[in-house]
S.K.: 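Handing you a structure now.
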Amino acid sequence: MSLEVISKAKVCGGWHKQYSHKSISLNCDMRFALFLPPNASAESPVPVLYWLSGLTCTDENFMQKAGAFKKAAELGIAIVAPDTSPRGDDVADDEGYDLGKGAGFYLNATQTPWASHYKMYDYIVKELPALVEQHFPVTQTKSISGHSMGGHGALTIGLKNQEQYRSISAFSPITNPMNCPWGQKAFTQYLGSNKEFWREYDASELLASAQSRLPILVDQGDADNFLQEQLKPENLITAAKQSDSEIELRMQAGYDHSYFFIQSFIDEHIAFHSKYLKA
Ligand SMILES: N[C@@H](CCC(=O)N[C@@H](CS)C(=O)NCC(=O)O)C(=O)O
């Protein structure tokens, strides 16, 4: 599958580049962004951290606001940031910021009008890594992280594909979408009203029913406006206890839901993943 370069800029000795390509799983043109550290070459390919962004985001928010490149360059880790939904004029959308474009929820939709394009789960798990591994000097060793809706994506995709990733981390994740307004709205639309089909995309349900072999790090700001109603990290901790899984939740005093929070702790997340990517 071919890639078209949209932009490129040298940063921290490495390169930030944006690409577009035809996605088979999503049935539309997609964009993603890539950071390649300075040491990446065909002779010494590097491991990859996949970053999944939250509601309303594109491939750009993390790359422009998180300040992740210095640490990733130092530790020799590539970062891939996909878009958050299928895109294009013939892709179904909704007026709300929390459904449709910019709100793909990293699942495979089964319901009309979403099912023809909204297959973000397949895109992130299979198509995108295959494309990245075909075109760039990277190894197949990968970890996954994300924010809010993307934290939900990182946790669910990581937990369901434990052989594919070395470690999982999340900032302010939606931990129990079956029990919060964002998740209930999206799952009803994308998956239908039968809640049995919701469980496989709910991190707390997944973690309660099967032990995680992967290390998991979660950072959550205690001044986050969405904490009580939407994010509910305590539900993830209860689930981890049920399956005897290890998870580190760090409540960070005074931080909100924004990229200022992510920027403050992203170095620690990259160092956390580096330990396992290089083990
Ligand atoms: N109140 C926000 C909710 C969306 C939001 O907070 N999005 C977070 C992820 S859940 C984000 O990363 N926004 C983009 C940014 O800060 O760059 C809105 O209406 O746009």
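Whatever order the structure lists them in is the order used to number ligands and atoms, beginning at 1. All values below come from the heavy atoms of this structure, side chains included, with hydrogens, waters and symmetry mates left out. Bear in mind that the values here come from a model prediction, so they are computed numbers and not experimental data.
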S.K.: Work out which heavy atom in Val125 is nearest to a heavy atom in Tyr165; give both atom names and the distance.
M.R.: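 Minimum heavy-atom separation between Val125 and Tyr165: CA-OH, 4.2 Å.
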S.K.: In terms of relative ring orientation, are Phe32 and Phe136 parallel, tilted or perpendicular, with 30° and 60° separating the classes?
M.R.: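 Rings of Phe32 and Phe136: perpendicular, over 60°.
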S.K.: If hydrophobic clusters are built by linking Ile, Leu, Val, Met, Phe, Trp and Tyr wherever their side-chain heavy atoms come under 4.5 Å apart, do Ile144 and Ile262 end up in the same one?
M.R.: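 Per the 4.5 Å side-chain linkage, Ile144 and Ile262 are not co-clustered.
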S.K.: For ligand 1, what N or O to protein N or O distances fall under 3.5 Å?
M.R.:
residue: ligand 1; atom: 7 (N); partner: Leu55; partner atom: O; Å: 2.9
residue: ligand 1; atom: 16 (O); partner: Lys65; partner atom: NZ; Å: 3.4
residue: ligand 1; atom: 17 (O); partner: Asn61; partner atom: ND2; Å: 2.7
residue: ligand 1; atom: 17 (O); partner: Lys65; partner atom: NZ; Å: 2.6

S.K.: Among residues two or more places apart or on two chains, list those pairs meeting ring-ring contact (aromatic ring centres under 6.0 Å, His included) that have a residue in residues 230-258.
M.R.: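 Matches after skipping sequence neighbours: His147-His257, Phe226-His257, Tyr255-Phe261, Tyr255-Phe265.
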S.K.: Could you check whether any side-chain N or O of Gln230 sits under 3.5 Å from a backbone N or O of Trp182, counting only pairs where one atom can act as donor and the other as acceptor?
M.R.: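 Side chain of Gln230 to backbone of Trp182: a pair is present.
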S.K.: Over 60° means perpendicular and under 30° means parallel, so tell me whether His152 and Phe105 are parallel, tilted or perpendicular.
M.R.: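 Rings of His152 and Phe105: tilted, 30 to 60°.
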